[in-house]
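Take a look at the structure set out below.
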Amino acid sequence: MSDKETGRELTAAEQAAFTAWAELIERDDYEPRPSGQGVALEGDEAAAYSRALLAELGVTEEPAPEPAGRGRRKVGGSGKGESPKRQVRLPEDLDAKLAERAEHDHAAVAAVMRDAIDFYLTTPPTGLAFVAQLKKLDPAPFARRAQLAQSYAARLLADHPDAELSGDDRRELADVLRTLGSLAAFEAKTLHNQSSLTRQ
Amino acid sequence: MTPTNWTDSADRHDVAHADALHAMRNPLVFIEEFDEARVEGHTRPVSLWIGRGRDGVLLEVMAHLNRKAQDVLIFHVMELRPKTLDRARAIMKEMKGE
């Protein structure tokens with residue numbers, strides 16, 4: 001394997017140095033030192049820029065599609081054998097959103113589902129996004145309780161237009177919601193919507 | 001001759017090269033100068049791609065790019081970790097002045 005910057009094959013010492021660096025990258029205490037130059041892009045912009053850049057660099061070979069029928073892959077975890085399988089029925093509109101997201105990300109539907117479940121189970125709601133989500137809920141089933149909660153949420157949003165709510169504000173909001181009575185259904189619906197919170 | 005070169009370290013996690021290239025072609029995040037070079041004799045900054053392999057698994061890929069020599073040296077490929085995503089988000093936030 002050659003390195004054109006130095007115009008020669010990588011030495012064993014260089015291979016070892018790259019291996020040591022790759023090990024460092026995997027450690028929790030690794031901190032990159034970005035220059036602040038160049039581009040930093042997301043989504044369609046990232047894809048368009050990167051494709052153009054790779055074409056400019058002469059990387060033209062197309063990756064082969066995922067081979068069919070190569071068996072079930074292990075999708076993470078430390079155990080051996082096939083990963084556990086779950087089946088779930090989805091409302092049509094949610095299924096449509098899922099398919100749209102998978103197409104947008106050039107990803108398998110199963111991969112998007114794994115990511116969404118992982119995100120849902122590992123990401124706590126952030127203050128401002130949590131309140132914004134509350135405002136979007138249909139208040140009909142909860143009538144007065146939800147209206148009071150939304151009114152309070154609106155005031156908090158007005159007080160914090162540009163920043164995340166502090167821990168105290170979140171606790172205060174939680175206290176208000178609790179004192180509004182039995183909010184089990186309300187909270188259940190909020191939890192159900194958490195998966196979209198920090199994607200806003 | 002392909003301009004993509006792979007160090008031994010790029011294969012530490014047994015990710016197929018085609019999957020890494022797929023992630024680089026379809027990144028969800030691309031940071032051109034994510035880190036500085038840390039191996040003697042290599043001065044180009046490190047670029048980071050976060051994207052999906054052919055089977056949809058999210059990957060993180062790091063490489064040196066040399067436009068002048070038309071060279072890509074890929075040295076880090078593995079399934080995306082939350083820590084890497086956090087680092088990328090922090091850098092993007094800082095670059096946007098947020």
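Just so it is clear: chains get the letters A, B, ... in the order the sequence lines come, proteins before strands, and each one is counted from 1.
Here B:Asn5 contributes atom CG and B:His64 contributes atom NE2; the two are 12.0 Å apart, rounded to the nearest 0.5 Å.
Partners of A:Tyr49 by side-chain hydrogen bond (donor to acceptor under 3.5 Å, both in side chains), not counting sequence neighbours, listed by chain and number: B:Glu32, B:Arg67.
Heavy-atom distances place the backbone of B:Ala37, and not its side chain, under 4.5 Å from chain A. Residue contact with chain A, scored on non-hydrogen atoms closer than 4.5 Å, is absent for B:Ile50. Contacts between B:Val29 and chain A at a heavy-atom distance below 4.5 Å involve backbone atoms as well as side-chain atoms. In this structure, the portions of B:Leu28 lying under 4.5 Å from any heavy atom of chain A include both its backbone and its side chain. Proximity to chain A involves both the backbone and the side chain of B:Pro27, based on heavy atoms less than 4.5 angstrom apart. With a 4.5 Å cut-off on non-hydrogen atoms, B:Val46 touches chain A through its side chain but not through its backbone. Of the two parts of A:Leu54, only the side chain, counted from C-beta on, holds a non-hydrogen atom closer than 4.5 Å to a non-hydrogen atom of chain B. For a residue to count as touching a neighbouring chain, one of its non-hydrogen atoms must lie under 4.5 Å from one of that chain's; by this rule B:Arg38 touches chain A with backbone and side chain alike. Both the backbone and the side chain of A:Glu26 come within contact range of chain B, with heavy atoms under 4.5 Å apart.
For residues 29-38 of chain A, the set of pairs meeting the salt bridge (charged side-chain N to carboxylate O under 4.0 Å, His left out) definition, not counting sequence neighbours, comprises A:Arg27-A:Asp29, A:Arg33-B:Glu36.
Residue A:Glu14 comes nearest to B:Glu40 through the heavy atom pair OE2-O, 3.8 Å, listed as atom of the first residue, atom of the second, then distance. Across every non-hydrogen atom of A:Gln37 and B:Glu33, the tightest pair is CB-OE1, 3.4 Å.
Two residues are said to be in side-chain contact when any heavy atoms from C-beta on lie closer than 4.5 Å; B:Ile91 and B:Leu48 fail this criterion.
Here B:Arg81 is the residue among B:Met78, B:Met24, B:Met62, B:Arg81 with the most heavy-atom pairs under 4.5 Å with chain A. The residue among A:Ala48, A:Gly38, A:Ala13, A:Pro32 with the most heavy atom pairs within less than 4.5 Å of chain B is A:Pro32.
Atom CD of A:Glu23 is surrounded by more than 12 heavy atoms from other residues, nucleotides or ligands within 6.0 Å.
Between the side chains of B:His17 and B:Asp11, at least one donor N or O sits under 3.5 Å from an acceptor N or O.
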